[in-house]
Amino acid sequence: MVDKKLSGAGLRGQSAGETALSTVGKSGSGLTYRGYDLKDLADNVSFEEVAYLILKGELPNQAQLDEYIAKIKANRGLPQALKEVLERIPASAHPMDVMRTGCSMLGNLEMENSFDEQGDVADRLLAAFPSIICYWYRYSHDGVRIETETDDEHIGAHFLHLLHGKKPSELHAKVMDSSLILYAEHEFNASTFTARVCASTLSDMHSCITGAIGSLRGPLHGGANEAAMELIEDMKDEQHARDTLMGMLERKEKIMGFGHAIYRESDPRNAIIKGWSAKLADDFGDDRLYKVSVECESVMWEQKKLFCNADFFHASAYHYMGIPTKLFTPIFVCSRLTGWAAHVMEQRSNNRIIRPSADYVGEEPRAVKPIAER
Ligand SMILES: CC(=O)SCCNC(=O)CCNC(=O)[C@H](O)C(C)(C)COP(=O)(O)OP(=O)(O)OC[C@H]1O[C@@H](n2cnc3c(N)ncnc32)[C@H](O)[C@@H]1OP(=O)(O)O
Ligand SMILES: O=C([O-])CC(=O)C(=O)O
């Protein structure tokens, strides 16, 4: 793997602390969670095993996994006061704002009273996030008050079940599980760093996660999967895709779902979600979105040596599973909660308040003039 020249603005290339949670762009396929290669995990374990690994340090054995899944299943219900808040949020709201409010409200109702409770709070959020977004979505869009507790073993299948009101196909359940694994953890990205900065003040878990959701919302970060969908949805065929992108590049527009702050040649998550998108296209019986996405990938590499990041093929994959575009980034939240919470715990375990310095570029020292003279 070629090292990217990392310098300049955005703290790029500067180490901002230590982590034992993941490496990005360093070894294996380029992404490891607690020493395990992403591909190895995606090929062999479920998202719940990955969540356990990230949050608790090791992969679970069968008894530990059974207990963990049972715990998550038992924590899917929402308090009435939270349901009432969700019912007050209009259908026109941004679903990431719903996630932010849902997490924050849960913090009011189920406060983290001591750091001893941090593991339970993280597990509760992991179980409750799909319920929060689907409860709001189905109430505001379909006028239905859904039951948020299902008997689905896996969080990905549970999410699709709540959203569509029926159990997903085996393929869709598998793809969602894999997608949640891909998004789970990514070192000191912007939203995780937000969570760590908040944790460094010894704040509570809900505040750290609420702040992280706000950072993930932007199109330069998690919001790129939605922006990618908006880009490809109207592309009629490969030629149209090529012409659209060439025009955008000429106008120096940013193409969402491409490029990365750390990876230089490829994002290891892309090959996996691209593979699933191809299978979903086949299953769906219409491969237009997959084909235009592949064409976009070629154009961007030919023209700019830019590659698809984790978000680009998630757009077509999620679309093929009938997921509304505006719910794409909230799914990222349901997964990344694991990484965020683990980073909060790691920060707390060896904390010093994060407080960098700034290079001052403002006015020289000067005296205040009386108001009549300004
Ligand atoms: C899960 C995730 O959060 S993955 C990231 C999701 N975000 C996106 O997909 C948004 C689109 N991509 C981008 O905006 C950027 O690539 C980022 C934010 C991901 C990384 O930003 P940086 O680290 O500043 O990118 P980098 O240093 O590689 O940029 C190099 C050049 O390529 C350009 N570039 C980078 N990405 C893109 C893009 N997607 N489209 C067009 N040009 C791009 C930059 O403008 C820059 O050119 P400049 O030096 O003339 O300004
Ligand atoms: O690492 C980053 O900067 C962004 C990213 O890919 C992620 O958070 O998954």
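Both ligands and their constituent atoms are indexed starting at 1 by order of listing.
Of the listed residues (Gly222, Ala224, Ala9), the one carrying the non-hydrogen atom nearest atom 8 (C) of ligand 1 is Ala224. Of all the listed residues (Asn189, Asp311, Leu220), Asn189 holds the heavy atom that lies closest to atom 2 (C) of ligand 2. Around atom 42 (N) of ligand 1, the closest heavy atom drawn from Leu182, Leu220, Leu306, Leu249 belongs to Leu306.
By the criterion of a heavy-atom distance under 4.0 Å, neither the backbone nor the side chain of Ala227 is placed next to ligand 1. Residue Arg336 touches ligand 2 through its side chain alone, judged by heavy-atom distances below 4.0 Å. Counting heavy atoms under 4.0 Å from ligand 1, residue Phe332 touches it through the side chain alone. At a 4.0 Å heavy-atom cut-off, ligand 1 does not touch Asn189 at all.
Ring centroid separation for the pair His221 and His186 does not come in under the 6.0 Å cut-off. For Phe258 and Phe312, the ring centers sit closer than 6.0 Å to each other. The six-membered or imidazole ring of His314 lies away from that of Phe332, with a centre-to-centre distance of 6.0 Å or more.
Every residue meeting the ring pair (Phe, Tyr, Trp, His ring centres under 6.0 Å) condition with Phe188, not counting sequence neighbours, appears here in chain and number order: Phe193, His343.
Not close to ligand 1: His186, with no non-hydrogen atom less than 4.0 angstrom away. Pro219 counts as a contact of ligand 1, since one of its heavy atoms falls under 4.0 Å from the ligand. Distances shorter than 4.0 angstrom occur between a heavy atom of His260 and an atom of ligand 2. Using 4.0 Å as the threshold, Ala310 has no heavy atom nearer than that to any atom of ligand 1.
Considering backbone and side-chain N/O atoms, His186 comes within less than 3.5 Å of an N/O atom of ligand 2. Distances between N or O atoms of Tyr183 and those of ligand 1 include no value under 3.5 Å. Not one N or O of Glu253 is nearer than 3.5 Å to an N or O of ligand 1, by distance alone. Remark: ligand 1 and Lys304 share no N or O pair separated by less than 3.5 Å (distance only, no angle test).
When atom types are taken as modelled, the side chain of Ser22 and the backbone of Glu187 share a donor-acceptor pair closer than 3.5 angstrom. The main-chain N or O of Pro268 is never found under 3.5 Å from a side-chain atom of Ser266 such that the two would form a donor-acceptor pair. Panel note: side chain Tyr320, backbone Ile323; no donor-acceptor pair is recorded below 3.5 Å. Proximity of a side-chain donor or acceptor of Ser169 to a complementary backbone N or O of His172 within less than 3.5 Å is detected.
Close approach of ligand 1 to Met256 (heavy-atom distance below 4.0 Å) involves ligand atoms 9 (O), 10 (C), 11 (C). The contact set between ligand 1 and Gly257, taken as ligand atoms under 4.0 Å from a residue heavy atom, comprises 8 (C), 9 (O). Contact atoms of ligand 1 toward Ala261: 20 (C), 23 (O) (distance under 4.0 Å to a heavy atom of the residue). Those atoms of ligand 1 with a heavy atom of Asp311 less than 4.0 angstrom away are 1 (C), 2 (C), 6 (C). Near Arg269, the atoms of ligand 2 lying under 4.0 angstrom from a non-hydrogen atom of the residue are 5 (C), 6 (O), 7 (C), 9 (O). Here is the list of ligand 1 atoms found below 4.0 Å of a heavy atom in Arg12: 22 (P), 23 (O), 24 (O).
Of the N and O atoms on the side chains of Ser316 and Ser277, at least one donor lies less than 3.5 Å from an acceptor on the other residue.
By the 30° and 60° cut-offs, the orientation of the rings of Tyr135 relative to Tyr139 is parallel.
For the pair Ile213 and Phe129, the minimum side-chain heavy-atom distance is below 4.5 Å.
Screening residues 252-263 for salt bridge (Lys or Arg N to Asp or Glu O under 4.0 Å), with sequence neighbours left out, gives Arg251-Glu253.
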(message) Pair Leu245, Leu231 - check side chain to side chain contact (heavy atoms under 4.5 Å, CB included), show working.
(response) CA-CA 9 Å; Leu245 254 62; Leu231 173 72; 4.2 Å; yes
